[in-house]
Each structure stands twice: as C-alpha cells, then as structure tokens.
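These numbers were taken from a predicted model, which means no experiment stands behind them.
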Amino acid sequence: NIAFLFINIEGNTMGIIKILLFDLKYILKNNIKVCTIFVLFSCISMMCVFGVMSKYKDSIVYIKSIEKYKCCYNIPITKGGDSIETILKEENLNLPKLKEKIQVDENEEIIFYDCYFERELSESELNSLNKKLPINVYWTYQAYKVQAESHAFLLVVVLFLFLLVIFNLLNFYTFLIKKNAYRFILYRICGATAKLVCFGTMLIPICITAIAYLLAVVMYIFVLYPILHSLDSTMLLLNWDVYLISFLAVELYTIVMNLPHIIKFCNKRRVLQV
C-alpha cells in the first residue's frame with residue numbers, strides 16, 4: 001500500500017519523510033537477522049581498526065617527540081679526567097657549539113652526559129671524538145628512531161583492516177539493495193521520482209552504518225581501550241575528529257559504490273522491462 005502513496009506525494013515534504021522512514025523501518029524489520037549479524041561483525045571490525053589506529057597515532061606522537069634528540073649524543077667521560085666541556089672544546093675536534101648538557105647516569109669509573117649540539121655530528125667528528133673517550137658515543141636519536149620504526153608496519157595493518165571493513169560493508173549493502181530491488185522498481189511505477197527513490201534507498205546504508213559505527217565507538221572507548229591500555233600503557237584514546245573523519249570516509253565510500261546499483265534499479269528502461 002505504501003507504494004501507491006507516491007502517486008500524490010509530490011510537493012508534500014512531510015509525506016515524503018514519513019514514507020522514507022516507514023520504508024526504512026520495513027526493510028530493517030524484514031531483514032533483522034542479517035542486519036543484526038552485520039552490525040555485530042562491523043562493530044567488531046571497527047573496534048579493531050580503532051585499536052590499531054590509536055596505536056599508530058601513539059607511534060606518530062612518539063616519532064614527533066623524539067625530534068628534539070636529533071642533535072643529542074650520549075657522551076661518556078672518565079671520572080677524575082678532563083671535564084666534558086674541556087673535551088668538547090678541543091680545537092682538533094672542531095665540534096659544533098654545545099647548547100646544553102645533562103648528566104643522565106654514572107658508575108664507578110664513567111659519567112654519562114646527554115649533549116645537545118647545534119647540528120648533527122658527522123661521521124668523521126664522531127670518530128675523532130670517540131678516540132678521546134673511554135667508550136664510544138651513541139646517537140640518542142638513532143636509539144629512539146629504531147624503536148619508532150618498529151611501529152611503521154601498523155600503518156599497513158590499519159589500511160588492511162579498514163579495507164576489510166569497507167569490503168564487508170559493500171557486500172552487505174549490495175545484497176540488501178538487490179534483495180529489495182522489487183520495492184524500488186514498484187515505487188517508480190507508482191510515480192516516485194528517481195531522485196526520491198535513490199535518496200530513500202541510500203538511507204539504508206547510512207542508518208545501518210551509523211548504528212554500527214556508534215556502537216563500535218562506545219564499545220571501543222568503554223571495553224576494548226581499557227583492555228589494550230592495561231597491556232600497553234602508551235595507547236592513546238582517539239580524538240573525536242578521527243572518529244568523525246573515518247565515519248565520513250566509510251559513509252562516502254558506501255554511497256559512491258552502491259549508487260550505480262540503485263540508479264540501475266531506478267532507470268526508466270528497467271521499469272519498462274518490469
């Protein structure tokens with residue numbers, strides 16, 4: 001009966017809204033098992049994506065935080081010998097100006113300093129400096145950088161999980177749209193415009209994705225994140241802008257990929273064939 005309402009619906013905004021909402025409710029109600037399973041699997045997939053994105057974001061923050069160590073070198077000197085200032089100012093070493101020095105450790109024989117220079121030391125400068133010291137200097141930045149680069153694979157994992165979620169979304173909505181194709185064609189026969197049918201059909205993926213996404217955000221914040229944070233205290237909780245951007249990306253991809261199927265069901269040739 002709802003299809004016949006399209007005959008006299010032109011210009012009636014409230015009537016259009018009521019029909020679209022009723023149609024959405026009807027489709028969801030008649031596909032409740034499929035939609036429930038999809039929402040659960042989509043929720044779990046997005047929670048995994050959020051977890052990896054948060055860890056990746058943590059890696060990016062870590063990499064930015066170690067930039068200050070680019071000109072920092074851990075230099076050991078012997079107790080009772082020349083001071084750190086005397087060694088670094090030797091003319092034959094020709095080292096850049098020392099901006100700051102911080103004592104970080106010491107043992108019975110050696111004192112260790114983190115020394116911040118105006119620029120990075122060249123290999124020849126490091127070699128000359130090492131000849132004056134009890135043990136070799138190490139580049140503080142390099143030590144942190146190796147650890148930071150070990151997290152680089154997370155970007156690949158994030159992209160893989162995100163594409164997996166997108167692929168599942170696409171398959172689900174394609175199935176749901178094809179299953180209800182007869183309804184869209186019937187609306188066209190009863191006088192609904194192609195734009196109205198397209199808009200009404202796209203409400204299905206928009207609403208279901210919004211439900212799954214909102215559930216994923218809530219479950220991640222209150223369930224998965226506390227677990228991950230207990231295992232790795234460096235885990236960062238994502239900002240709302242990250243949630244919003246990823247949500248819009250999923251919605252936009254879903255709309256763009258499903259729109260050709262919907263247009264095919266709504267075109268005049270398909271309606272005439274029916």
With a 4.5 Å cut-off on side-chain heavy-atom distances among I, L, V, M, F, W and Y, is there a chain of contacts connecting Leu238 to Leu244?
yes

What I'd like to find out is whether the side chain of Tyr73 reaches to under 4.5 Å of the side chain of Leu126, using heavy atoms alone.
yes

Rounded to the nearest 0.5 Å, what separates atom SG in Cys43 from atom CG in Leu214?
9.5 Å

Can you tell me how far the CD1 atom of Ile227 sits from the CG atom of Asp232, to the nearest 0.5 Å?
14.0 Å

Take a 6.0 Å sphere around NZ of Lys79 and say whether it holds more than 12 heavy atoms from other residues, nucleotides or ligands.
yes

Answer yes or no: are there more than 12 heavy-atom neighbours, outside Glu123 itself, under 6.0 Å from its atom CD?
no

Taking the ring of Tyr213 and the ring of Tyr220, is the distance between their centroids below 6.0 Å?
no

Nearest 0.5 angstrom please: Asp105 CG to Ile110 CD1, how far?
10.0 Å

Does any part of the side chain of Asn74, heavy atoms only, come nearer than 4.5 Å to the side chain of Tyr69, both counted from C-beta?
no

I need the Glu85 CD to Glu90 CD distance, nearest 0.5 Å.
12.5 Å

Is there a side-chain contact between Leu93 and Leu88, using heavy atoms and a 4.5 Å cut-off?
no

When clusters are formed by joining ILVMFWY residues with side-chain heavy atoms under 4.5 Å apart, either directly or through shared neighbours, do Tyr138 and Tyr113 land in the same one?
no

Report yes if the side chains of Met219 and Leu224 come closer than 4.5 Å at any heavy-atom pair, otherwise no.
no

Give a yes or no on whether Phe117 and Val104 share a hydrophobic cluster (residues Ile, Leu, Val, Met, Phe, Trp, Tyr; joining criterion: side-chain heavy atoms under 4.5 Å apart).
yes

Under 4.5 Å between any side-chain heavy atoms of Phe50 and Leu228, yes or no?
no

Below 4.5 Å, heavy atoms only, C-beta onward: do Leu133 and Ile87 meet side chain to side chain?
yes

For residues Asn92 and Lys132, report the shortest heavy-atom separation together with the two atoms involved.
ND2-NZ, 3.6 Å

Would you sort out whether Glu100 and Lys68 count as a salt bridge (Lys or Arg N to Asp or Glu O under 4.0 Å), showing the intermediate values?
CA-CA 12 Å; Glu100 183 182 5; Lys68 62 181 181 180; over 6 Å; no

Around atom CD of Glu109, are there more than 12 heavy atoms from other residues, nucleotides or ligands closer than 6.0 Å?
no

Determine the minimum heavy-atom distance between Pro226 and Ile221, stating which atoms define it.
CD-O, 3.5 Å

Does the side chain to side chain contact (heavy atoms under 4.5 Å, CB included) test come out yes or no for Ile77 and Asp82, once each step is laid out?
CA-CA 8 Å; Ile77 64 168; Asp82 292 337; over 6 Å; no

What's the spacing between Cys72 SG and Trp139 CH2 if we round to 0.5 Å?
11.0 Å

Is there a side-chain contact between Pro76 and Phe112 in this structure, where contact means two heavy atoms from C-beta onward sitting under 4.5 Å apart?
yes

Starting at CG of Leu95, measure out to CG of Leu129 and round the result to the nearest 0.5 Å.
5.5 Å

Would a single hydrophobic cluster contain both Met46 and Val242, if residues Ile, Leu, Val, Met, Phe, Trp and Tyr are joined by side-chain heavy-atom contacts under 4.5 Å?
yes

Check step by step if side chain to side chain contact (heavy atoms under 4.5 Å, CB included) holds for Cys35 and Ile208.
CA-CA 8 Å; Cys35 292; Ile208 297 178; 3.9 Å; yes

Going by the angle between their ring planes, with limits at 30° and 60°, are Tyr243 and Trp240 parallel, tilted or perpendicular?
tilted

Is the shortest side-chain heavy-atom distance between Val49 and Ser246 below 4.5 Å?
no

Considering all heavy atoms of both residues, which atom of Lys101 and which atom of Cys115 are nearest to each other, and what is their separation?
CB-SG, 4.2 Å

If you compare all heavy atoms of Asn94 against all heavy atoms of Glu125, which two are closest, and at what distance to 0.1 Å?
O-OE2, 3.4 Å

Is it true that Ile44 and Tyr225 fall in one hydrophobic cluster, defined by side-chain heavy atoms closer than 4.5 Å?
no

